[in-house]
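Comments concern the structure below.
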Amino acid sequence: MSGERRTPKWLRRRWLVWTLVGVVLAGAGIVGVVVWQNTYALREETVSLRHDGKLLKGVLARPESGDGPFGLVVFVHGDGPVDATHETFYRPLWESFARAGYASLSYSKPGTGGSEGDWLDQSMADRASETLAAVAWARARPDIDDRRVGLWGASQAGWVLPKVAARDRRLQFVIAVSPAVNWLRQGRYNLLAELRRDGATAREREAALRRSRTTRELLERGASFAAYRAAVGDVDGMTPERWAFVSRNYRSDATADLHALRGTPTLLALAGHDVNVDVTETEAVYRAILPPRSLALARYPAATHSMVDHDLERSGWRLTLTAIAAPRKVYTDRFLADQARFLRGLRDDDGRGGRPGTAKESP
């Protein structure tokens with residue numbers, strides 16, 4: 001028999017009970033923190049509007065208190081089947097805008113989140129018309145100040161925002177996040193950037209460029225999806241619907257439309273690790289067309305195209321944990337604050353806003 005002193009059975013039982021209680025309380029604490037971190041200072045209302053005979057479902061997120069009328073940020077999504085909240089990715093932005101006195105309106109793309117239609121059937125002009133319908137719907141609400149309505153858009157929205165501005169000169173502002181300028185040049189930049197990032201060999205690079213040239217030739221000939229598949233073999237996720245969407249939009253270029261933004265306060269947000277959009281070209285085009293008095297530039301050297309820090313985005317588990325436990329920290333540093341500061345700096349005495357020089361420009 002060992003000389004080890006045994007813990008009394010009753011004490012062992014009590015220790016087990018308190019251990020379980022501790023685990024439960026710790027778990028409850030974690031859950032409480034997660035719930036608190038995912039609770040936003042907003043009043044969200046499910047809304048719907050009709051455009052071109054189809055129902056669009058969306059969310060109007062107003063400041064936590066007050067009857068308004070509030071200024072309004074209308075969201076214009078990037079590529080893909082994006083729902084109204086962008087899988088909750090937009091909520092930190094909505095909260096930031098609400099604290100600056102602005103409501104946010106975002107609707108699900110056709111075919112997503114209860115909206116009727118199919119976003120792959122749209123041209124960039126169709127998307128602009130849809131956005132204009134949302135703006136008109138919002139301006140008719142008594143809780144929205146129709147003089148303080150502007151746009152927020154990312155990536156593919158770079159081809160939509162200027163089209164909307166050309167048809168609605170009353171817009172107070174535009175916030176353009178990682179906006180594209182030219183579809184074909186952007187596609188080539190994205191291809192080369194991804195090849196560099198992935199360490200492609202010279203042979204792989206040449207094969208990818210050859211495929212890209214073939215794709216462009218087929219688009220310029222108006223080729224069918226069947227012809228594309230026959231020419232490239234492995235379609236690499238391309239579908240007939242996506243091919244039709246690309247065929248409809250591959251000539252998109254924002255350069256001419258950007259002239260409509262002259263005089264409209266515009267915040268241009270650019271990332272330092274953007275492999276989707278050539279931010280050097282985007283900045284040069286915006287600077288060449290928009291006067292300095294109406295253009296503010298915010299650079300985020302550590303961010304990727306989605307305005308998430310490069311290191312965070314590369315770590316799947318860290319990104320997931322941050323999105324759950326601290327969603328406001330998903331965005332790169334200063335991104336939320338700079339946009340709220342930009343909105344606070346607008347003047348509404350003439351219904352259009354003033355010089356957006358309050359947004360911090362990063363070196």
Side-chain angles (χ1 to χ4, degrees), residues 44 46-49 51-52 54-61 72-94 96-97 102-138 149-165 168 171 173-181 183 186 190 241-242 245-246 248-249 252 254 257 266-271 274 276-277 282 303-308 323 327 330-331 335-336 339:
E44 292 187 23
T46 301
V47 298
S48 60
L49 62 105
H51 171 64
D52 199 23
K54 297 181 178 64
L55 183 72
L56 296 175
K57 302 285 286 185
V59 174
L60 178 66
L72 179 69
V73 183
V74 178
F75 277 62
V76 183
H77 310 304
D79 195 13
V82 185
D83 73 335
T85 71
H86 202 342
E87 297 181 340
T88 78
F89 193 59
Y90 285 154
R91 284 195 169 104
L93 278 163
W94 296 349
S96 180
F97 295 154
Y102 281 75
S104 297
L105 173 63
S106 178
Y107 52 90
S108 299
K109 278 189 174 183
T112 66
S115 290
E116 296 175 349
D118 187 344
W119 65 273
L120 285 169
D121 290 338
Q122 294 184 309
S123 66
M124 296 301 111
D126 294 332
R127 295 200 60 200
S129 294
E130 190 176 79
T131 304
L132 286 161
V135 169
W137 175 89
V149 176
L151 307 177
W152 182 100
S155 193
Q156 190 181 97
W159 295 304
V160 182
L161 302 173
K163 289 184 181 297
V164 178
D168 186 347
L171 291 174
F173 63 88
V174 167
I175 300 174
V177 180
S178 306
V181 172
W183 185 293
Q186 178 228 335
N190 174 230
E241 294 78 14
R242 180 72 185 184
F245 177 78
V246 174
R248 190 177 295 115
N249 291 293
S252 296
D257 291 328
T266 300
L267 175 62
L268 178 62
L270 301 175
D274 199 326
N276 296 75
V277 167
T282 293
T304 62
H305 182 66
S306 57
M307 290 299 164
V308 175
V330 167
Y331 288 108
F335 180 65
L336 297 177
Q339 291 176 85

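One-based numbering along the sequence shown. No hydrogens, no waters, no symmetry mates; every other heavy atom, side chains included, goes into these values.
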Going through the distances and angles, do V149 and D168 end up as a side chain to side chain contact (heavy atoms under 4.5 Å, CB included)? CA-CA 11 Å; V149 176; D168 186 347; over 6 Å; no
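- Between T131 atom OG1 and F75 atom CZ the span is 12.5 Å, to the nearest 0.5 Å.
- Aromatic ring pairs are classed by plane angle as parallel below 30°, tilted from 30° to 60° and perpendicular above 60°; the pair H77 and Y90 is parallel.
- The backbone N or O of R248 sits nowhere less than 3.5 Å from a side-chain atom of S123 that would complete a donor-acceptor pair.
- The shortest distance between side-chain heavy atoms of V308 and F89 falls below 4.5 Å.
- Using a 4.5 Å heavy-atom cutoff, the side chains of V174 and V164 are not in contact.
- Remark: side-chain polar atoms of S115 are paired, donor with acceptor, to backbone N or O of K57 under 3.5 angstrom.
- V73 and F173 get closest at one heavy-atom pair: CG2-CZ, 3.8 Å.
- Counting only distance, with no hydrogens or angles, the side chain of S178 and the backbone of H305 share a donor-acceptor pair below 3.5 Å.
- For L336 against L93, the heavy-atom pair with the smallest separation is CD2-CD2, 3.7 Å.
- In terms of heavy atoms, D79 sits closest to F245 at OD1-CE2, 4.1 Å.
- A distance-only check finds no donor-acceptor pair linking the side chain of D52 to the backbone of K54 [under 3.5 Å].
- The backbone N or O of P92 sits nowhere less than 3.5 Å from a side-chain atom of S96 that would complete a donor-acceptor pair.
- Taking all atoms of both residues into account, the shortest heavy-atom contact from A303 to A271 is O-CB, 3.3 Å.
- Under the 3.5 Å distance criterion, the side-chain polar atoms of S106 are matched with a main-chain donor or acceptor of A84.
- Using a distance-only test at 3.5 Å, with no hydrogens or angles considered, no donor-acceptor pair links the side chain of Q186 to the main chain of V277.
- Residues Y107 and A134 come closest through the heavy atom pair CE2-CB, 3.5 Å.
- Salt bridge annotation for E44-R91: present, with a cationic side-chain nitrogen under 4.0 angstrom from a carboxylate oxygen.
- W152 places none of its side-chain heavy atoms less than 4.5 Å from the side chain of S104.
- With hydrogens and angles ignored, the 3.5 Å screen pairs a side-chain donor or acceptor of Q339 with a backbone N or O of F335.
- At a threshold of 4.5 Å between non-hydrogen side-chain atoms, the residues N249 and W159 do not count as touching.
- Residues Q122 and E130 share a closest heavy-atom pair of NE2-OE2, 2.9 Å.
- Within the 4.5 Å cutoff, the side chain of D126 has no heavy atoms near those of the D121 side chain.
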